[in-house]
Visitor: 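Got a structure for you, written out below as structure tokens; questions coming shortly.
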Number of protein chains: 2
Amino acid sequence: MDWSIQEIARLAGTTSRTLRHYDDIGLLAPARIGSNGYRYYDEPALVRLQRVMLLRELGLGLPAIGEVLDREESAPHALRSHLEWLRQEQERLARQIASVEHTITALEGGERLMAENVFDGFDHTRYKEEVEQRWGKDAYAKSDAWWRSMSAEQKAAWQERASDLGRDWIAAHDRGIDPTGDEAQALAQRHFEWLRGIPGTPGGGGQGPTKEYFVGLAEMYVADERFGANYGGRAGAEFVRDAMTAYADRNL
Amino acid sequence: MDWSIQEIARLAGTTSRTLRHYDDIGLLAPARIGSNGYRYYDEPALVRLQRVMLLRELGLGLPAIGEVLDREESAPHALRSHLEWLRQEQERLARQIASVEHTITALEGGERLMAENVFDGFDHTRYKEEVEQRWGKDAYAKSDAWWRSMSAEQKAAWQERASDLGRDWIAAHDRGIDPTGDEAQALAQRHFEWLRGIPGTPGGGGQGPTKEYFVGLAEMYVADERFGANYGGRAGAEFVRDAMTAYADRNL
DNA sequence: GCTTGACATTGACGCTGCGTCAAGCTTTAG
DNA sequence: CTAAAGCTTGACGCAGCGTCAATGTCAAGC
């Protein structure tokens, strides 16, 4: 009235390796074990195995299956939270699919896989639309022309200044100083000077960016993680924003 | 002009552990290694890292990313096949979600997680609808009543006959014999006799099932994997079907 | 009684992409 | 000079088995 491991595996549509695994982790023990060490399964074991297989097809993990089978009343609850997880996975996949499609069309349109210069002051490729929308086409065009006019060495020097600034912001944040204190305000001052070097920024080139632009940029560092990444992520960006906003209030 | 491992990790929004991993697998080597063993990265490395991160967000595997970056023209192709895989995953998830929802409502309707008796001749719970649709409500009701009228021992005996038959079919198929040959035909005969014992089958009870029913059942073994599982999966079910069909042609 | 072949056993590694200690050397800031 | 960071190379862990490897058992035929 009982079956060998191969037989029950075939009956349930699985493999003997899987059954040994289930035995190892305590999910499904054989009905008895012969003196030779062989595993033998009876019908209750088969029923349990069928249930395991069913729940596996639904995507449940083995520990979750074990709990469900040992206290059957928990099944709806377990399935519901599993359902939640499945839905989130599906959303994630949907977003990935959209991104991949977008990337493919971009590549076929002749674009590169990513901007060459990671430290573009404004990354003229990636942020083109945002810049145009917020500050006008003219501002973008000026800034772009200015950037293109530089030699590679000049660009490298500029980028180094940008990355130095980023590093110092991160370091300041890590030390836990007050964003409205002297040190942070000195950094905000450097940031202001740095921006002054960019034509096309509202107020740029001459006396430096306007207050509105300066504060708007600070907010963008927080709102857009692509910017924020240069300052150590969200918390770092918030620190930078606070310091810049305080600076603008006092000096612009 | 280059960064330590921590710095570049922060710039790219990842961790130093990940960078060491990428170095280990040859996906992204540091620009140079100091005499102290430290890894230092330069800007080309950063660009490559940014691209890696981008492709990772799209869900590509690391080996695929390596190929894409080393021969950039292959990017659209790689992305397209990746897209295909993403879509399949989404479909799979959709099916799982539907199944989980179905299972939850069934459980809340008071049903058990699965039929107790795995070897029900027709599994009166799982196949109710199919049986009613193909052979009429009357047939199902008769068969069901017959089954319920049996004692547990009688049921067990019946189930054993069913499982014996299944095992013999599987063994015959494994031996690779001809489904139209004598041995397989003898099995088909046994199968016929076995069905004769079930009231409610068209022609059942008396002289045995009709040809139409017998052949239809054989096809169902192939079409429905829940049946086919009793005969060793798809290939086994096809073998059974071939034997049963030949038997029906000759004898019914 | 022996051989053969099918089936059983217990390890143990492999796969994916890192997270997470651990032990020990280096650099940096005070 | 010392303490705090930061770096290095291992190595285990995770999820769920697939896949050898080395070896013991069982049923069947000669």
Side-chain angles (χ1 to χ4, degrees), chain A residues 2-41 49 52-53 55-67 82 85 89 92 96 167-168 170-177 183 232, chain B residues 2-41 49 52-53 55-67 82 85 89 167 170-171 173-176 232:
Chain A
D2 42 25
W3 306 278
S4 75
I5 195 168
Q6 287 280 28
E7 289 168 334
I8 197 180
R10 202 152 34 181
L11 288 171
T14 182
T15 70
S16 60
R17 177 65 181 88
T18 299
L19 288 167
R20 300 200 299 105
H21 184 56
Y22 290 169
D23 189 11
D24 287 345
I25 66 175
L27 178 58
L28 175 65
R32 65 185 181 81
I33 296 185
S35 58
N36 47 18
Y38 284 24
R39 295 173 174 81
Y40 295 101
Y41 296 81
L49 177 56
V52 170
M53 299 306 288
L55 293 172
R56 279 256 57 201
E57 282 176 25
L58 299 183
L60 263 79
L62 299 185
I65 291 177
E67 290 184 23
H82 178 55
W85 142 264
E89 276 296 293
R92 201 174 56 77
Q96 282 197 345
R167 280 212 277 184
D168 291 346
I170 291 174
H173 175 227
D174 284 354
R175 289 200 338 264
I177 67 174
E183 276 191 276
Chain B
D2 43 23
W3 306 277
S4 76
I5 195 169
Q6 288 278 29
E7 290 168 333
I8 196 179
R10 205 153 30 183
L11 287 172
T14 182
T15 69
S16 61
R17 176 65 179 88
T18 298
L19 288 167
R20 300 201 298 104
H21 183 57
Y22 290 170
D23 189 11
D24 286 347
I25 66 175
L27 177 58
L28 175 66
R32 65 185 181 82
I33 296 185
S35 58
N36 48 16
Y38 284 24
R39 295 173 175 81
Y40 295 103
Y41 296 82
L49 177 55
V52 170
M53 299 306 288
L55 293 172
R56 278 257 57 201
E57 282 175 26
L58 299 182
L60 263 80
L62 298 186
I65 291 177
E67 289 184 23
H82 178 54
W85 142 263
E89 275 298 291
R167 281 211 276 184
I170 291 173
H173 175 226
D174 283 353
R175 289 199 340 262

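Residue numbers begin at 1 in each chain, while the letters A, B, ... track the order of the sequences.
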Visitor: Please give, in whole Å, the distance from D:dC12 P to B:H21 NE2?
Guide: 17 Å
Visitor: Is the shortest side-chain heavy-atom distance between A:R56 and A:T14 below 4.5 Å?
Guide: no
Visitor: Side-chain N or O of B:Y22 less than 4.0 angstrom from OP1 or OP2 on C:dC18?
Guide: yes
Visitor: Take the protein atom CH2 of A:W3 and the nucleotide atom C1' of C:dA8, then report the distance between them rounded to whole Å.
Guide: 19 Å
Visitor: So which nucleotide from D:dG18, C:dG11, C:dC18 ends up closest to the side chain of B:R17?
Guide: C:dC18
Visitor: If only side-chain N and O atoms of A:S4 are considered, is one of them under 4.0 Å from the OP1 or OP2 phosphate oxygen of C:dA8?
Guide: yes
Visitor: Working to the nearest 0.5 angstrom, can you tell me the gap between A:I33 CD1 and A:Y38 OH?
Guide: 13.0 Å
Visitor: Pick the closest DNA chain C nucleotide for A:R20 and for B:R20 by heavy atoms, then say which residue is nearer the 5' end.
Guide: A:R20
Visitor: Think A:Q6 has a side-chain N or O under 4.0 angstrom from the OP1 or OP2 of C:dA6?
Guide: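 For C:dA6, OP1/OP2 do not have a side-chain N/O of A:Q6 under 4.0 Å.
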Visitor: Rounded to the nearest Å, what distance is computed from the CG atom of residue A:D2 to the P atom of nucleotide C:dA8?
Guide: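 After rounding, the reported distance stands at 13 Å.
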Visitor: Can you work out whether B:Y40 or B:R56 has the more 5'-proximal nearest nucleotide on DNA chain C?
Guide: B:R56
Visitor: For C:dG19 and B:T15 - does any side-chain N or O of the residue sit under 4.0 Å from the phosphate oxygens OP1/OP2?
Guide: yes
Visitor: Sort out for me which residue in B:I8, B:D2, B:D23, B:I5 forms a side chain to side chain contact (heavy atoms under 4.5 Å, CB included) with B:P30.
Guide: B:D23
Visitor: To the nearest Å, how far apart are B:I5 CD1 and C:dT27 P?
Guide: 16 Å
Visitor: Drop me the distance from A:Y22's OH to A:R39's CZ, to the nearest 0.5 angstrom.
Guide: 14.0 Å
Visitor: With both distances under 3.5 Å as the test, what is the Watson-Crick or G-U wobble partner of D:dC30?
Guide: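 In the structure as shown, D:dC30 has C:dG1 as its Watson-Crick or wobble partner.
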Visitor: Nearest whole Å is fine: how far is C:dC15 P from B:L62 CG?
Guide: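 In whole Å, C:dC15 P and B:L62 CG are 13 Å from each other.
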Visitor: When the distance from CD of A:E7 to P of C:dC7 is rounded to whole Å, what number comes out?
Guide: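 It works out to 10 Å between those atoms.
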Visitor: If I take atom CG in residue B:L49 and atom P in nucleotide C:dG17, what distance separates them, rounded to the nearest angstrom?
Guide: 16 Å
Visitor: Strictly below 4.0 Å: does B:R39 bring a side-chain N or O up to OP1 or OP2 of D:dT9?
Guide: yes
Visitor: Here's a test of your reading of the structure: between A:G61 and B:D23, which maps to the more 5' nucleotide of DNA chain D?
Guide: B:D23
Visitor: For the residue pair B:Y41 and B:L19, establish whether any side-chain heavy-atom pair is separated by less than 4.5 Å.
Guide: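 SC-SC contact between B:Y41 and B:L19 confirmed.
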Visitor: Hey, what do you get for CZ (B:R20) to CG (B:D24), rounding to the nearest 0.5 Å?
Guide: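 If I round to the nearest 0.5 Å, the distance is 7.0 Å.
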Visitor: Which nucleotide in the set D:dC17, C:dG19, D:dT8 lies at the smallest distance from any side-chain heavy atom of B:T18?
Guide: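 Comparing D:dC17, C:dG19, D:dT8 against the side chain of B:T18, the answer is C:dG19.
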Visitor: Whole-Å distance between C:dC7 P and A:I8 CD1?
Guide: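 Distance, rounded to whole Å: 16 Å.
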Visitor: Report yes if at least one side-chain N or O of B:N36 is closer than 4.0 Å to OP1 or OP2 of C:dT27; otherwise report no.
Guide: yes
Visitor: Ignoring the backbone of B:Y38, work out which of D:dT8, C:dC18, C:dT9 is nearest its side chain.
Guide: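 The closest nucleotide is D:dT8.
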